[in-house]
Amino acid sequence: MCGIVGYIGHREAYPIILKGLKRLEYRGYDSAGIALYDGTDIKLSKTKGKVSDLETRLENEISTHGSLGIGHTRWATHGVPNDINSHPHYSNSGDLVIIHNGIIENYESLKKELIKRGYNFKSDTDTEVLVNLIEDVKKNENIKLGKAVQIALNQVVGAYAIAVFDKNKPNEIVVARLGSPLAIGVGEDEFFIASDASPFIEYTKNAIYLEDEEMAIVRRNKGVKIRKIKDDSLVDPYVQELQLNLEQIEKGGYEHFMLKEIYEQPSAILDTFRGRLLSNEGIIKMAGIEDNMKKFLNAHRIIVVACGTSWHAGLVSEYIFEDLARIPVEVEYASEFRYRNPVITENDVVIAISQSGETADTLAAIKLAKSKGAFVFGVCNVVGSSIARETHAGAYTHAGPEIGVASTKAFTTQITVLTLIALRLARAKGTISSSDYRHHLIELELIPEKVKKALESDAYVKSIAAIYKDVHNFLYLGRGYNFPVALEGALKLKEISYIHAEGYPAAEMKHGPIALIDENMPIVVIATKKGHYEKVVSNIQEIKSRKGKIIGIVTEGDKQVKDLADHVIEVPETIESLTPLLTTIPLQLLSYHIALMLGKNVDQPRNLAKAVTVE
């Protein structure tokens, strides 16, 4: 949510910042802007709309020369999306310029005080309040910018990642973070600032990730000095080598990132269990589990906290953990968890799931769980992310960068990791027989090839999408392990096509949703041979008798559903617990093709952000 890019060094800043903003478009935004220092003054241009709109406007408005600059993509919180509310923002004197990701919760009281002191405000944003607060502290205390930022941030309540510079001292950028990610790329006599490493990956492999409540003064010829915001203590910078490469964040010949990521799932799932799953030896090796086995084996229950697609993966894991490892599981929306005074004890294990590792609601849930003495285990995709650092232990999904806002490979790789954990615990507890355990390992190892087979339905799914692209409502039904897949399928359609869709347990259809069914309503029913098949067939017959249009997701060779449904999409056969890894594939493709046919921005759907870093 929001994107930050900055550069200070020996190159022209503008092309680096512009390219960086384009790389961060996946995060979701409604406006963009750039500020450059050209050796005499700050040149600023910003606009509502896309980075391409900014590019056209900027090159007609200002000089693009200068080796110092900052850029921003904004996702509106305070103030509607328009040119004035877009970032960057000047201070009243015009000396300071800032970009900001996050929310300053006490901005209104700060603003009133600054108005009393003679400050004027052009925008409705909390960010303009912050830059003027920094200027006020700097002027009244007669101190340098870095110290002024530190004092000002100790007065604010909220979350932030900021980059600010002073035109009177154009050899440095001051950055800080609390709750929103910020990375510093370290090059030869040059530094890069960004929300993640993607904007500077081709320039340097060395990066520093700021921790919460840290700030850094980034100076040419002097390096990076990091301090704690609260007590001004020095922090030794930890420079890590990036594993990301440029090819991973490019489209690689695909029309959209979402389609590329759908097709990357066989390799992403393989990468997720590679080195962890040794089926021939009957071994699952996961350091985060082995090192904390007693915590898991002694747990009275597992609480899963997550949001959106990750919550759906958590729902799948509830079936897996309870079925295989016989451990009670509760799956909670992270956004509700901390606000309902949950009962948490030191006998609980909390599993926090997040693709980005930066989800604010999930981070808040983690902090609450830790405060109650629970053991917290993270499942995320981004190495070095906040959740990876905040949890006691964890496992990465190894899905590779996911740029499309609508998660696809994140979902299947999260399920893969959670399945590995459940199987390892089941084996340790003795709740699974040796033969069943081996069978699960062998089947899991076969999943990447079976996902490839499921992807072969793409052309047929596209033909179904053409039939239903203009409907206004969809219903998705599933039972058992595939009920969460129904929820996820409906979410995907909503996210990128803006068609209203609902996911339900198939048996619940007759308790309300059946009233919606008529000849205009398409119903996607997940009806694999494994798990409650006859019951689901009965549900399909109920739909057919009310003239609903049935799209069945079935096991290869199915004949019973084929005789009842209007359309049947086949997936390979596997054991019941692994069916979600296959049944979700045609649902992803269906959403993608419908959205594309409707002319929607598949990779950057309206109002959505990839990493939701505000509560």
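This one's a predicted model, so the numbers in the text were calculated from it and none came from an experiment. Just so you know, residue 1 is the first one in the sequence shown, and it goes up from there.
Donor-acceptor pairing under 3.5 Å is lacking for the side chains of Glu488 and Tyr476. A side-chain donor from one of Ser407 and Glu402 sits under 3.5 Å from a side-chain acceptor of the other. Between the side chains of Gln588 and Thr408, no donor N or O sits under 3.5 Å from an acceptor N or O. Of the N and O atoms on the side chains of Thr413 and Asn381, not one donor lies less than 3.5 Å from an acceptor on the other residue. In this structure, a donor-acceptor pair under 3.5 Å is absent between the side chains of Gln414 and Thr397. Between the side chains of His87 and Asn101, no donor-acceptor pair is found at a separation under 3.5 Å. For the residue pair Gln240 / Tyr209, no side-chain donor-acceptor distance below 3.5 Å is found, with atom types taken as modelled. No hydrogens or angles considered: a donor-acceptor pair under 3.5 Å links the side chains of Arg57 and Thr47. Using a 3.5 Å distance cut-off with no hydrogens or angles, the side chains of Asn85 and Thr125 do not pair a donor with an acceptor. No donor-acceptor contact under 3.5 angstrom links the side chains of Thr555 and Glu573, judged on distance only.
Partner Thr309 forms a side-chain hydrogen bond (donor to acceptor under 3.5 Å, both in side chains) with one of Lys492, Gln355, Glu495 and no other, that one being Lys492.
Remark: Lys50 is positioned above the aromatic ring of Tyr29, its terminal NZ or CZ atom under 6.0 angstrom from the ring centre and at most 45 degrees off the axis. Taking the centre and axis of the six-membered ring of Tyr498, the NZ or CZ atom of Arg606 falls inside the cone set by 45° and 6.0 Å.
Ion pairing between Glu214 and Arg177 fails under the 4.0 Å rule for side-chain N and carboxylate O.
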